[in-house]
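On a predicted model such as this, the values are computed, not experimentally measured, just so you know.
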Amino acid sequence: MAKVETRVAGEPAWFDLMTPDLEGAQKFYGALFGWTFDVGAPEMGYYTMCKLGGANAAGMGKRPPDAPYPTAWSVYFKSDDVNASAEAVRANGGQVMMPPMQVADKGHMLVCMDPTGATFGFWQYGTHTGAEVAGEPGAMAWTEVGTRDAEKARVFYTKVLDAEIPKMEGMDYWMLQKKGSTPMAGVMHMGKEFPPEIPPHWMAYFAVPDADASCKVVTENGGQVKHGPFDTPYGRIAVVADPYGAVFSIIKLAMPG
């Protein structure tokens, strides 16, 4: 298992799901990823740690019926200071949707929107240090922002994540990476092939051992396959949705780990 030992500020640290049905979501994702679940206390809203081999792989919480946000997966980047991250977001044209807040002794969180309309978060470590495993089946594998204004997004994320952003040859796709490091996330231009009703968004990718077989598990357990599976140089990918409408991607990595 590819244990995550350290991260630097600006790297993807955590994926979590807000869902109207925690028990139903646990059944779906348990079947798909082999997760077990550590359900939190009532005072924590039953926030649940999704476990892979005993390691924290992702989180899920109950979405209130009147919540102003959709049933969705969210992407959080590591921050060493969420107050400073909030200021960087504002200074570069983004919006703070949920101001910095402490989550017991677990850490501090911040929810933002970039200048093109995609929502994301920051997480400042307390006792919870993000995903403990990555790049293995059932774990975080990649994340990217889909936007209709890639230039504006590129400028924003290079500033707030302190990242470089080289372009992939022959594609409207850019790789966010720390100087001298490997790519950590992507910026994808959403062209005319994307239906207008799809908003700018951050996409969470999870690794699977077999994309085609996993798509079958998705549909057998009440989810939907939205697009794919299709082959890329980085692996075989499908965009899917859980039974409650939360969209995410699965990938059989060409080079696991």
Side-chain angles (χ1 to χ4, degrees), residues 1-19 22-41 44-62 72-80 82 102-109 120-144 178 181-185 202-211 213-214 217-218 221 223 234-235 237-238 240 242 246 248-257:
M1 183 174 290
K3 296 284 282 186
V4 177
E5 302 296 337
T6 60
R7 288 186 184 90
V8 299
E11 291 185 328
W14 190 239
F15 294 164
D16 78 2
L17 171 70
M18 289 292 107
T19 179
L22 270 175
E23 290 187 5
Q26 289 167 20
K27 180 179 178 181
F28 175 82
Y29 289 100
L32 180 60
F33 295 138
W35 287 346
T36 57
F37 303 95
D38 184 1
V39 180
M44 296 298 291
Y46 301 102
Y47 189 86
T48 298
M49 291 296 177
C50 309
K51 300 277 192 174
L52 186 65
N56 289 334
M60 62 174 64
K62 181 69 179 292
W73 280 97
S74 296
V75 176
Y76 294 83
F77 295 86
K78 183 185 178 186
S79 173
D80 290 338
V82 288
Q102 184 170 351
V103 185
D105 65 344
K106 305 299 183 185
H108 293 76
M109 69 178 291
F120 67 104
F122 285 100
W123 180 254
Q124 181 181 335
Y125 290 1
T127 58
H128 174 53
T129 57
E132 297 170 335
V133 60
E136 297 287 338
M140 293 170 55
W142 184 246
T143 186
E144 69 195 11
K178 295 301 216 177
S181 186
T182 56
M184 62 185 187
W202 274 93
M203 176 71 76
Y205 283 71
F206 292 95
V208 292
D210 183 320
S214 293
V217 175
V218 166
N221 286 274
Y234 304 98
I237 296 171
V240 301
D242 72 18
F248 60 102
S249 289
I250 55 176
I251 179 170
K252 165 64 170 75
L253 291 166
M255 297 180 64

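The 12-atom threshold is exceeded at NZ of Lys51, counting heavy atoms of other residues, nucleotides or ligands nearer than 6.0 Å. Other residues, nucleotides and ligands contribute more than 12 heavy atoms inside 6.0 Å of the CD atom of Gln102.
When the ring pair (Phe, Tyr, Trp, His ring centres under 6.0 Å) test is applied to Tyr29, the partners found at least two apart in sequence or on another chain are Trp35, Trp73, Phe248. With sequence neighbours excluded, no residue forms a ring pair (Phe, Tyr, Trp, His ring centres under 6.0 Å) with His108.
We find the CG-CG distance between Leu17 and Asp242 to be 6.0 Å, quoted to the nearest 0.5 Å. Note that the NZ atom of Lys106 and the OG1 atom of Thr129 stand 10.5 Å from one another [nearest 0.5 Å]. Atom CD in Glu11 sits 8.0 Å away from atom NZ in Lys78 (nearest 0.5 Å). Atoms CD and CE, on Glu132 and Met49 in that order, are 8.5 Å from each other to the nearest 0.5 Å. In this structure, OG1 on Thr143 lies 11.0 Å from CZ on Phe120, to the nearest 0.5 angstrom. The line from OH of Tyr125 to CH2 of Trp14 is 10.0 Å long, rounded to the nearest 0.5 Å.
For the pair Val103 and His128, the minimum side-chain heavy-atom distance is 4.5 Å or more. No side-chain heavy atom of Trp142 sits less than 4.5 Å from a side-chain heavy atom of Ser249. Using a 4.5 Å cut-off on side-chain heavy atoms (C-beta onward), Val218 and Phe28 make contact. A heavy-atom distance below 4.5 Å is found between the side chains of Phe77 and Trp202. Inter-residue side-chain proximity for Phe37 and Glu23 is flagged as unmet; no heavy-atom pair is nearer than 4.5 Å.
The shortest non-hydrogen separation linking Pro137 to Leu52 is O-CD2, 3.2 Å. Nearest heavy-atom pair, Val8 versus Lys178, reported as atom, atom and distance to 0.1 Å: CG2-CE, 3.8 Å. Phe206 and Met140 make their closest contact through CD2-N, 4.0 Å (heavy atoms, listed as atom of the first residue, atom of the second, distance). Taking each heavy atom of Gly138 and Ala57 in turn, the nearest pair found is O-CB, 3.9 Å. Ala207 approaches Leu253 most closely through the heavy-atom pair CB-CD1, 4.0 Å. Shortest non-hydrogen contact noted between Ala139 and Val133 is CB-O, 3.8 Å.
Just one of Asp16, Val39, Thr48 meets the side-chain contact (heavy atoms from CB on, under 4.5 Å) condition when paired with Met60; it is Thr48.
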